[in-house]
Structures are given as structure tokens and as C-alpha cells.
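To keep things clear, I will list the structure first and then write my remarks on it.
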Amino acid sequence: MKSHISDLIKLSIQQLQKSGDLPDNLVLDIVVDRTKDARHGDFSCNIAMRLAKTVKQNPRKLAQDFVRMLPSSKYIEKTELAGPGFINFYLTTQALLNVVHEVVEQKSRFGSSLLGNKEKVQVEFVSANPTGPLHVGHGRGAAHGAVVANLLAEVGYDVSKEYYVNDAGRQMDILATSVWLRYLEHCGDSIVFPSNGYKGQYVVDIAADLFAIYGADFSRLFVEIIKGVCADEVSENPEGDKEAHIDDLINKAKALLGEKDYRVIFDFGLNKIIEDIKQDLGEFGVVYDEWFSERSLVDSKVVDKALQRLLDHDCVYEKDGALWFRSSKFGDEKDRVVKRDNGQTTYFASDIAYHMNKLDRGFTRIIDVWGADHHGYVPRVRASLDAMGLDSNALEVLLVQFAILYRKGKKAQMSTRSGEFVTLRELRSEVGNDAARFFYVMRKCEQHLDFDLDLAKSQSNENPVFYVQYAHARICSVFREIADNEKNYIFDSSTALESIALLDNSHELSLLTCLARYPEIVESAAVNLEPHQIPHYLRDLANHFHSYYNAHKFIVDDLALRNARLLLISATRQVLSNGMSLIGVSAPEVM
RNA sequence: GCGCCCGUAGCUCAGUUGGAUAGAGUAAUCGGCUUCGAACCGAUUGGUCGGGAGUUCGAAUCUCUCCGGGCGCGCCA
């Protein structure tokens, strides 16, 4: 409809140009918007005010000319000149009713489009280190990323969802060593657990599983292990160094176990946690197309290739025994190390290789959903793509702000290392998947999220998700009533279509308008990568329905009117269902 | 210190390719079930859009500056 109106205006302007009232060489950027206020009609255009300056004419007079030359259309009831020069369009009832035909025809596809032209886009999200269960902060990234992917798929992109598994590097070594130490406890030894190890109960559980399968195969005496290890930094000994302590323990583990056995424990812990994360996300309705391993990049020499490519472009140099990437040449604030003086490549080097690999796989858009604390990382990744001669514009990074947790009015600690955190699983079981998904995507991602756990848990009935779901269930209930009705009413959408012209009261017309907005909202949310538009729209739609419900009875004796109304709420149910499906919320038939 | 994000009703938030009288939810007050589900609807109250300056027909939206809050500035990942 927007483009239809825009075409009408274009024709009008062309007429004026032909008659010489307007110059020929105008840059036309016609924007047609829905009005905020029904008193301004359905759509409005500000082109007269935009052109007023360039053609040096009064905007109101200009608008008047446009209106005069506007071709008639069966969809436009009337046009009005308003305010400083707006042209307002009022749709005919026929145009408003059109949406019902569309919904009946397209059903669950209503709202989808071919806008993306099957362009290959990858959405990478969560990608939390596999060193422990996901916490509620990861949950936000999960919900956000999943909906972004859904939206892009809905408007015709070829979307692939990916989780980058950081299965290489020091954090994983710390986890492996933590598991081993807990395992020794299961073997009957007594140990002193490092302050910098992973202290969560899940590590103890993994160690128990390890012991159950392998027995005491990996058992070593703790007194042997601790020998020669740098002292830990604890309250009794503030002189110690917790970083050196854990590093020494890692090296001792590798030395005493041998590479092969160490790897068994390492992979055991890794796989347990990955399986747990996969299951957790699966239950949350978040499934991936690919779990991409960082280690595979190292093993398959992709990291080396990437560094070579930077070298070929003369973008790396040696300093202090390390290899540096000249990222400051490409907008980063300083150069970055890609290979340490001990010969190991950095995490950043893997990430350079990873993003190169993404483009190599044929994705022309790559969307990374990151925690906002990684924002400083964006320029260097972009720089690496530029340096390799790749298109850094293909990369879009969505920074999701932290969910700040409050428990009993106080900020809750969120540290994986200390084991003090609220897991996503815990949140899901407390407030339910639907409320969690809805709550997470209700806010735009750059907005901080105050998550009051007690409120979310104790008053979950006040969560807006129930309002939307209730509208859906209520409509289902009406149709159950039809089925059970003693008057043997039947409803059939194709015959009902013949009587939709009977829809004419204000509640019905505004509900129709709201339904017609759905595809526009989906497109806008997808183009701007803004999932929060969907829950806001759904709330609005539910509100229109509930108002209608309270104002008019649907199951009336008049067959034609009854059919028309039932068809309208049937379409409403379809759109509610489509929208909830996009954000991963269920559409219950009863509540 | 430098960089990124945020500041809109008591609270939680929408609204930015510049548009008309800045909107929802919640809280508060009042009203509505003999009815297809009251987990609902309607009404009222509530604002220096953090402060100031600028750009223009027009600024919550763009620019500058200041104030306040969050985060980041490793040969960690």
C-alpha cells in the first residue's frame, strides 16, 4: 500500500513537471508513513515540505498542487491537506479488508517476503566459552540472536545459525585442570583447590562421571603435583600469584599425565559442557546449524593461512619476540599481538582466521551478536578483514548490553569462575521459556536490561507475554464455543470471505489496520535487526483484539455478520501465532 | 585519560533515514461480568524528553558542550 501511494504521488509530480509547474531535475525521495493518529488518516506523506525549499514554493501550496493532480485509486477514499504541508490519505474499506484475504490465503506465511533474495547470511551468537553452564546473560544473546535469524529468514534470507566453540586456549586448560583436581578427590586424595580454578558444582559432577568411566587411571598424588608449583594467592598468603599458580598446575597436569591422557580429560570436560549447553539451548528453542570449533581452525592451519595472508599484505611485523598485526593502520587504536613470544597464536589470531573463513564459506553478510563488553574488539576484527583485502562491511556486530541481575534488590554476582551465577536453566524453570524469551527480546539490544529475579519469578503472571497469549487462547475459545454450540453453527472461512464487507465499526476497522501493519513490522524488524519490534507489535495487536472482544459479540444469530466477525478474529489468531512463532514463544489454545 | 553504549511519566520501557497535541505497561483513583474466558475492557491523574547552546519551516531524534550511569582499554579468552 505504501508503494501504491508513493506511485500515485510520483505520477502527480510528473504531471506537474509536464505542465512546467515543477522543474524536471528533482531528486524524488518519497516517504510514505503510517500516521500515528487516526485523525490524520491512514498514511501520510511529507514530500511537499521536503521539496518546498528546492523549488522555492510554499509547502502548503505545493501539497495542494500534488493533491489536485493525484490520480484516483480504488484504495484511496480521500486525501487531505493538513498541518504545515502533510498530505494525508484515507483508505477505502475495500483496501482495509484486503488484509483478510491475504491472511486467509497465506496463513503462516503471512508476513514473510522475498526481500532478502536468498542472500547467504550467517548469524553467530552466544558462543560462550564452554567452561560452564550458560547464565542469564548468555540467555539474552541466545534469545536475541535466534530472533534476528528468524526475522532474516522470514524476509527471504538464506540464514545459517552458528555457535563458535572456544575449545582452545588457556580458559579451557583451566577447566581441564579443575576437572582433574576434582577427579583426584573422587579418587580419595585430598587437594587444595586453586583460587583461580572453576569452582562450580558442575565441575565436581563432571569429575565424578570421569571417575565412573575411567576409574583411577588418571590418579596422581597431589603432593607430587603441588611440588614446585608457584604459591597460590589466598587470604593467608597475599604474596602468592594465582595466575602463575594455575599455569603451573596446568603444566604439571600435562607433564604428569602425558599429552594423550591430558587430552582425554580435556575433551571429556569440553564435551560434557557442550552437550549441556546444547541441551539447554535446545530446550529454550534455540537450535544451531553449525557448532564451529576454534581448535579446528588451528588444526587445519587456517590460522596460519590467515597470518600468511596478513603477511602478504605487509600488515604484520615482529617486535619483542612477538608477531604484531598492524591494526592501527585500519582504524584500531593500537596494534595487536597475533603470535606470542612463546610461539602460540592468540585468541585474536583465531578470530581473524574465523572471520576470514566465514567469508570463504560464501556468506555475504555475517552478523555477530556479542556481549557489550566486547565492543572494543569490533575495530580490530574489522581491521583484519580490511587488511586481508576482504569486505569488512559484510560484518555487522550487534552488541547486546548486559542483563543486570537483581536479587532481593541487590545486584547478583555473575562470575562463571567463582561458580556464583544464576543459570539460564534456573531462569527458565522459574519463569518458563515463553516469559523468558519474550522478556529478553522486549528491549532493544543496546538497552541495559534490569532483570529483577524476584519480580520475574514471583509475579510472572504480570508479564506481557500472558496478555498476548491470552488473546490467542481467547480466540481459540470462541471457536471451541462454535464447535460445541447447540445451535449447530458452523464456520467456514471461504464462505465467510463473502461477507467481510459487513465489518464496519471502529473496532473492526482499527483491528484490520493493525493486521495490515504486520508485514511492515516484520520487514522493519528484519532490516533494522530489531527483534523488540515484534513483541511491541503483538501487544498492540492483542490490545486491539481485547477491546473488540469487550465491545462486540462475535457469535451472533445473523449468519453473515457472524461469519465476517469470526473470520476477522481468525485472521487475528493467525497473525498472533505468526508473530509469537518468530520470537520463539508458544501460542497456547488454552491457558 | 581515551573509546563505545545509555539518560524520555513515581517505576520498567517504546518512539531517531528530523514531522502534526511525545506514547505503552506498571503503580494510584474511578467505572464495567445474567454475555463468546474479567489473565479482560474503559476513564482519570502523571513529562523542563539529563542541562545548555546551535542547525531550520519544524528537534526526544542531527551537531557541539557539560552533567550523571554502564562497559572497555592484556603477549586473557
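In what follows, every chain begins at residue 1, and chains take the letters A, B, ... in the order their sequences are listed.
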Would you indicate which nucleotide in [options] comes nearest to any side-chain atom of [X]?
X	options	result
A:K334	B:C73, B:G19, B:U21	B:C73
A:Y549	B:G37, B:A20, B:C76	B:G37
A:M591	B:A39, B:C75, B:U21	B:A39
A:D320	B:U17, B:C75, B:A77	B:C75
A:H546	B:A20, B:A38, B:C41	B:C41
A:H375	B:A77, B:C41, B:G72	B:G72

Using whole Å, what does the distance between atom [atom2] of nucleotide [N] and atom [atom1] of [X] come to?
X	N	atom1	atom2	answer
A:D33	B:G18	CG	P	11 Å
A:D247	B:C76	CG	P	9 Å
A:E333	B:G72	CD	P	14 Å
A:F43	B:A20	CZ	C1'	17 Å
A:L399	B:C73	CG	P	14 Å
A:I174	B:C76	CD1	P	11 Å
A:F325	B:C75	CZ	C1'	16 Å

query: Taking atom CG of A:L398 and atom SG of A:C445, what is their separation to the nearest 0.5 Å?
result: 5.5 Å
Mind checking salt bridge (charged side-chain N to carboxylate O under 4.0 Å, His left out) for [X] and listing every partner two or more places apart, or none if nothing turns up?
X	value
A:E446	none
A:R517	A:D540
A:K61	A:D65
A:K10	none

- prompt: Is the closest basic N to carboxylate O distance between A:K444 and A:E530 below 4.0 Å?
  reply: no
query: With the sugar-phosphate defined as primed atoms, P, OP1 and OP2, and the base as all remaining atoms, what B/S/- string results for nucleotides 6-16 of chain B, 5' to 3', for protein heavy atoms under 4.0 Å?
result: S-----SSSS-
Rounded to whole angstrom, note down the [atom1] distance from [N] over to [M].
N	M	atom1	value
B:C49	B:G3	C1'	26 Å
B:G25	B:C62	C1'	30 Å
B:C57	B:G46	C1'	32 Å
B:U26	B:C36	P	25 Å
B:U61	B:U8	P	14 Å

message: Categorize A:D341 for me: base, sugar-phosphate, or nothing, with a 4.0 angstrom heavy-atom threshold over every strand shown.
response: base
query: Contact class for A:K339 vs. all strands (heavy atom < 4.0 Å): base, sugar-phosphate, or nothing?
result: nothing
- request: Give a yes/no verdict on base stacking between B:A20 and A:H40: centres under 5.5 Å, planes within less than 30° of parallel.
  value: yes
query: Taking the six-membered ring for Trp, does A:F86 stack with B:G19 (centroid gap under 5.5 Å, planes within less than 30°)?
result: no
- prompt: In residues 554-563 of chain A, which residues come under 4.0 Å of RNA chain B by heavy atom?
  reply: A:F554, A:I555
field: Test ring-ring contact (aromatic ring centres under 6.0 Å, His included) applied to A:H245 - qualifying residues, sequence neighbours left out
entry: none
Any residue meeting side-chain contact (heavy atoms from CB on, under 4.5 Å) with A:A128, in chain and number order, not counting sequence neighbours: A:V126, A:L134, A:H138, A:Y163
Protein-nucleotides 25-33 of chain B N/O pairs under 3.5 Å:
| unit_1 | atom_1 | unit_2 | atom_2 | d |
| --- | --- | --- | --- | --- |
| B:G32 | N2 | A:N550 | ND2 | 3.1 |

Residue pairs passing the salt bridge (Lys or Arg N to Asp or Glu O under 4.0 Å) test where at least one lies in residues 472-483 of chain A, sequence neighbours excluded: none
- prompt: How would you list all residue pairs meeting salt bridge (Lys or Arg N to Asp or Glu O under 4.0 Å) that involve residues 126-140 of chain A, not counting sequence neighbours?
  reply: none
Enumerate, atom names and distances included, each donor-acceptor pair closer than 3.5 Å involving a side-chain atom of residues 554-570 of chain A, sequence neighbours excluded.
| unit_1 | atom_1 | unit_2 | atom_2 | d |
| --- | --- | --- | --- | --- |
| A:D557 | OD1 | A:K487 | NZ | 3.2 |
| A:D557 | OD1 | A:Y489 | OH | 2.6 |
| A:D558 | OD1 | A:A560 | N | 3.0 |
| A:D558 | OD1 | A:L561 | N | 2.9 |
| A:R562 | NH1 | A:V556 | O | 2.9 |
| A:R562 | NH1 | A:D557 | O | 3.3 |
| A:R565 | NE | A:E508 | OE2 | 3.0 |
| A:R565 | NH1 | A:K553 | O | 2.9 |

